[in-house]
Every structure is written in C-alpha cells, then in structure tokens.
Amino acid sequence: GGTTIKMGLFEMDGTLVEKWEIPTDTTEKGAHILQDIAATVHGKMVENDLTKDMVEGIGIGVPGAVDKDGVVNRAVNLGWDIVPLAEELGKLSGMKVKVGNDANVAALGEMWRGGGMGFTDIVMVTLGTGVGGGIIANGQLVRGVHFTAGEYSFVNTNAEAWDAPDQNMACQCSTSNLLKWYRARKALPEDAPLDGRSFFAAANAGEPEALEVLRRFCHAVAVQIYNCLLYT
C-alpha cells in the first residue's frame with residue numbers, strides 16, 4: 001500500500017499464523033520497497049526457524065496493473081513505473097514469487113476463505129490511500145485485456161466535470177479524501193498530522209465533526225458501490 005506494507009505468515013490451508021506491517025518507503029520512486037520486503041520476510045523466517053525449503057513462496061498484491069508475468073505497469077502510490085516485480089523480488093528473496101493486483105488477490109482471498117465463500121460472482125472494493133477493486137465472474141478472476149479490470153479509482157463521479165482531477169472515485173472515496181474532509185471540517189492545516197486510526201478513534205468516541213464527515217464519506221462510497229454493481 002501507499003502508506004504501509006501489510007504482511008502475513010500463512011499455513012498452506014490459509015490459516016493466519018502471524019501478521020505485521022512495515023512503513024512503505026516511497027522515496028526515490030519506491031526504489032527500496034522490494035529490499036525492505038525481502039529483508040522483513042527473511043527476518044520473520046529466522047524468528048520462526050523456517051528455511052527456504054519449508055516455504056512455498058511469497059504472494060504479493062500491489063496497487064497497480066499486473067500482467068501475467070508479474071510485471072507491474074505503474075503503481076502511482078508507490079512511485080513505480082514499470083517494475084518486473086516477480087523477477088526482482090525472486091532474486092532478492094531467493095524464493096518463488098507470485099504477483100497480482102492487490103484488490104484482485106483480495107477478492108480471490110475472500111472467495112477462498114472470507115466473506116465470498118460459496119459465491120461465484122463477487123465485486124471487491126478496497127478503500128485506502130486510493131481505491132481499488134476486483135471482479136470475479138463465474139468463479140474466474142476478470143483481469144481485462146490491459147489487466148486493469150476493477151480499477152474503480154478512475155471511474156468519473158461527475159459528468160459535468162469528468163476531466164477534473166478531483167472528480168473520480170479515487171478522490172471521492174479514498175481514505176486520503178476522508179482525512180482531507182475532516183481537516184477542513186476541523187479547520188486544521190492541510191498538512192496537519194492525521195491518520196485513519198486517529199480519525200476513527202474520534203468517530204468511535206462520538207465526536208460530532210468526525211461523525212458528520214464519516215456519514216458524508218459513507219454516502220459517497222455507497223453511491224459508487226451501487227454504480228459498480230450496475231456495470232459489473
């Protein structure tokens with residue numbers, strides 16, 4: 001993700017053994033991200049007395065279009081242009097690597113072990129620094145001819161200003177925009193330190209301004225989920 005890299009150690013049946021996260025270093029166009037991933041994977045293997053022959057491999061979801069060979073074609077939140085992620089991380093880690101769009105693999109995970117179990121048609125929407133999505137139809141992941149199916153970020157939300165940079169789903173429904181609205185509502189500087197955890201702590205405490213912004217955000221998300229269901 002654009003803010004943190006969320007990681008987990010799993011058994012082969014999908015049982016989660018442990019989870020953790022590290023900051024995403026987007027400096028120098030994300031040049032250090034794969035090194036950081038390889039280092040933390042190695043460290044976690046040492047902690048758990050795991051050797052490479054005991055590990056099936058690394059699966060990674062990335063916020064961008066990913067082709068069948070594990071090459072990322074632009075991941076704006078990470079500062080990446082074209083990155084042969086599977087190949088490079090494989091060299092750094094010395095293990096087999098499988099790569100997919102983050103929302104696509106999240107949709108597959110939900111179908112396998114989560115809220116989508118038993119269903120063959122699923123629409124997944126992920127809300128974070130940006131907005132992502134995954135579509136499963138008849139039990140098969142829909143990738144699209146350019147591997148961008150489900151990229152809801154670029155859906156226009158205003159036909160009268162369709163080319164305006166802030167009139168798309170990424171700007172209307174991301175947590176980045178949620179925090180932007182909250183800062184404005186609280187009359188805070190645009191660069192005031194704030195993250196999702198502190199916002200939801202305020203909302204859970206019943207702060208009127210936080211609840212007002214949250215209702216506005218949920219309404220925007222609900223409208224776009226409705227639109228996604230219509231065209232999928």
Side-chain angles (χ1 to χ4, degrees), residues 1-19 21 24 56-78 80 85-86 96-157 168-178 196 200 214-215 217-232:
T3 305
T4 59
I5 301 169
K6 300 169 180 66
M7 311 186 75
L9 175 63
F10 293 86
E11 299 284 1
M12 288 301 292
D13 65 358
T15 300
L16 177 63
V17 177
E18 184 180 356
K19 64 180 179 179
E21 62 183 50
T24 304
E56 179 67 20
I58 300 172
I60 181 167
V62 61
V66 182
D67 72 12
K68 58 183 177 59
D69 296 317
V71 177
V72 179
N73 184 7
R74 296 190 69 219
V76 177
N77 292 344
L78 306 181
W80 287 353
L85 198 157
K96 182 171 64 178
V97 177
K98 291 288 187 180
V99 183
N101 171 266
D102 56 354
N104 284 352
V105 297
L108 290 171
E110 290 294 336
M111 184 174 69
W112 180 37
R113 296 280 291 180
M117 290 178 67
F119 294 91
T120 58
D121 298 278
I122 299 170
V123 172
M124 178 85 181
V125 179
T126 60
L127 306 176
T129 306
V131 177
I135 303 168
I136 294 176
N138 297 321
Q140 298 295 315
L141 181 66
V142 179
R143 297 179 184 273
V145 66
H146 298 297
F147 305 101
T148 56
E151 287 289 355
Y152 303 128
S153 284
F154 306 105
V155 172
N156 296 313
T157 59
N168 57 40
M169 192 167 169
C171 291
Q172 296 295 310
C173 300
S174 65
T175 53
S176 303
N177 201 59
L178 170 69
F200 280 101
L214 183 59
R215 279 191 292 268
F217 177 75
C218 289
H219 177 77
V221 171
V223 169
Q224 297 310 319
I225 288 176
Y226 175 78
N227 288 338
C228 290
L229 293 176
L230 283 179
Y231 81 76
T232 54

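Note that the structure is predicted; figures quoted are calculated from it, not measured.
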**Report entry** Steps toward side chain to side chain contact (heavy atoms under 4.5 Å, CB included) verdict (Phe200, Leu214)
**Finding:** CA-CA 9 Å; Phe200 280 101; Leu214 183 59; 3.8 Å; yes

Query raised in the report: Thr3 versus Thr24: any side-chain heavy-atom pair under 4.5 Å?
Result: no

Query raised in the report: Could you give the distance from OG1 (Thr15) to CZ (Arg113), rounded to the nearest 0.5 Å?
Result: 5.0 Å

Report summary line: Only residue of Pro63, Cys173, Ser176 satisfying side-chain contact (heavy atoms from CB on, under 4.5 Å) with Val131 is Cys173

Report task. Spell out, as yes or no, whether a donor-acceptor pair under 3.5 Å connects the side chain of Thr120 to the backbone of Asn138. Result -> no

**Report entry** Lys98 atom NZ: more than 12 heavy-atom contacts under 6.0 Å
**Finding:** no

Requested in this report: To the nearest 0.5 angstrom, please state how far the CG atom of Leu141 sits from the CG atom of Leu108.
Outcome: 5.0 Å

Query raised in the report: Take atom CZ in Phe119; do more than 12 heavy atoms of anything else shown fall under 6.0 Å from it?
Result: no

Query raised in the report: Are the side chain of Asp121 and the backbone of Ala137 linked by a donor-acceptor contact shorter than 3.5 Å?
Result: no

Query raised in the report: Hey, what do you get for CE (Met124) to CG (Asp102), rounding to the nearest 0.5 Å?
Result: 9.0 Å

Query raised in the report: Does Val221 reach the side chain of Leu127, with side-chain heavy atoms less than 4.5 Å apart?
Result: yes

**Report entry** Greater than 12 external heavy atoms within 6.0 Å of Arg74's CZ
**Finding:** no

